[in-house]
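Report on the following structure.
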Amino acid sequence: MISHKLDMPSRTYNIHVTHRRRILYTTSGHPARWNDKTLQLYDEYAKQMHHGKMFGGNFLFTLLEGDENSATEVMYAGPWEIVDNGYLD
């Protein structure tokens, strides 16, 4: 017996949003049976970020790191994206 997540055909998308939920980019739909790593291969936005082709190549930002008693500023380079696994490595 074969078990599927859904009983009907479905599509899946990668979507890039800001922390304020503004949509920046979405892929065209792909078969829902594809896993996340396969979808990432067709995500041009993520590939351009990974290869440094966005934001002029000089995207610097500062984050505070430490605990509640002391924090230090740490400089980072390049855009960051939060994903549920490590892609494009």
Side-chain angles (χ1 to χ4, degrees):
M1 182 170 133
I2 297 175
S3 175
H4 297 283
K5 231 171 157 176
L6 301 171
D7 292 333
M8 63 188 92
S10 58
R11 306 290 285 169
T12 187
Y13 301 85
N14 277 2
I15 186 167
H16 300 262
V17 298
T18 66
H19 64 287
R20 293 188 178 189
R21 297 183 216 131
R22 178 178 172 218
I23 297 172
L24 301 175
Y25 177 82
T26 184
T27 58
S28 58
H30 299 287
R33 69 181 182 274
W34 288 6
N35 65 24
D36 291 347
K37 280 191 164 187
T38 302
L39 287 175
Q40 199 70 8
L41 296 174
Y42 296 95
D43 192 333
E44 292 301 318
Y45 192 92
K47 284 195 277 188
Q48 287 182 15
M49 282 182 63
H50 180 71
H51 295 298
K53 295 179 181 176
M54 297 179 102
F55 310 111
N58 273 341
F59 188 80
L60 301 174
F61 62 97
T62 304
L63 290 178
L64 294 175
E65 291 188 358
D67 57 24
E68 58 204 37
N69 298 323
S70 66
T72 52
E73 289 187 358
V74 179
M75 182 70 73
Y76 288 93
W80 283 47
E81 187 168 352
I82 298 172
V83 296
D84 63 355
N85 202 342
Y87 300 131
L88 300 174
D89 289 336

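Because only heavy atoms are used, hydrogens play no part in the values below, and waters and symmetry mates are left out as well, while side chains stay in.
The line from OH of Tyr76 to CG of Leu63 is 6.0 Å long, rounded to the nearest 0.5 Å. Atom NZ of Lys37 and atom CG of Asn35 lie 8.0 Å apart (nearest 0.5 Å). Note that CD of Glu44 is 13.5 Å distant from CE of Met49, once rounded to the nearest 0.5 Å. Here Thr38 contributes atom OG1 and Asp43 contributes atom CG; the two are 12.5 Å apart, rounded to the nearest 0.5 Å. For the atom pair NZ of Lys47 and OH of Tyr42, the computed distance is 8.5 Å after rounding to the nearest 0.5 Å.
Aromatic ring pairs are classed by plane angle as parallel below 30°, tilted from 30° to 60° and perpendicular above 60°; the pair Tyr25 and Tyr45 is parallel.
Residue Ala77 comes nearest to Leu60 through the heavy atom pair CB-CD2, 3.6 Å, listed as atom of the first residue, atom of the second, then distance. Nearest heavy atoms, Thr12 versus Pro31: CG2-O, 3.5 Å.
Around CZ of Arg11, the count of heavy atoms belonging to other residues, nucleotides or ligands within 6.0 Å exceeds 12. When the shell of 6.0 Å around CD of Glu73 is examined, it contains 12 or fewer heavy atoms from other residues, nucleotides or ligands. Sparse packing is recorded around CD1 of Ile23, with 12 or fewer heavy atoms of other residues, nucleotides or ligands lying under 6.0 Å away.
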**Request:** List the steps and the verdict of side-chain contact (heavy atoms from CB on, under 4.5 Å) for Thr27 and Leu39.
**Result:** CA-CA 9 Å; Thr27 58; Leu39 287 175; 5.6 Å; no
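For the residue pair His30 and Asn14, no side-chain donor N or O sits within less than 3.5 Å of a side-chain acceptor on the partner.
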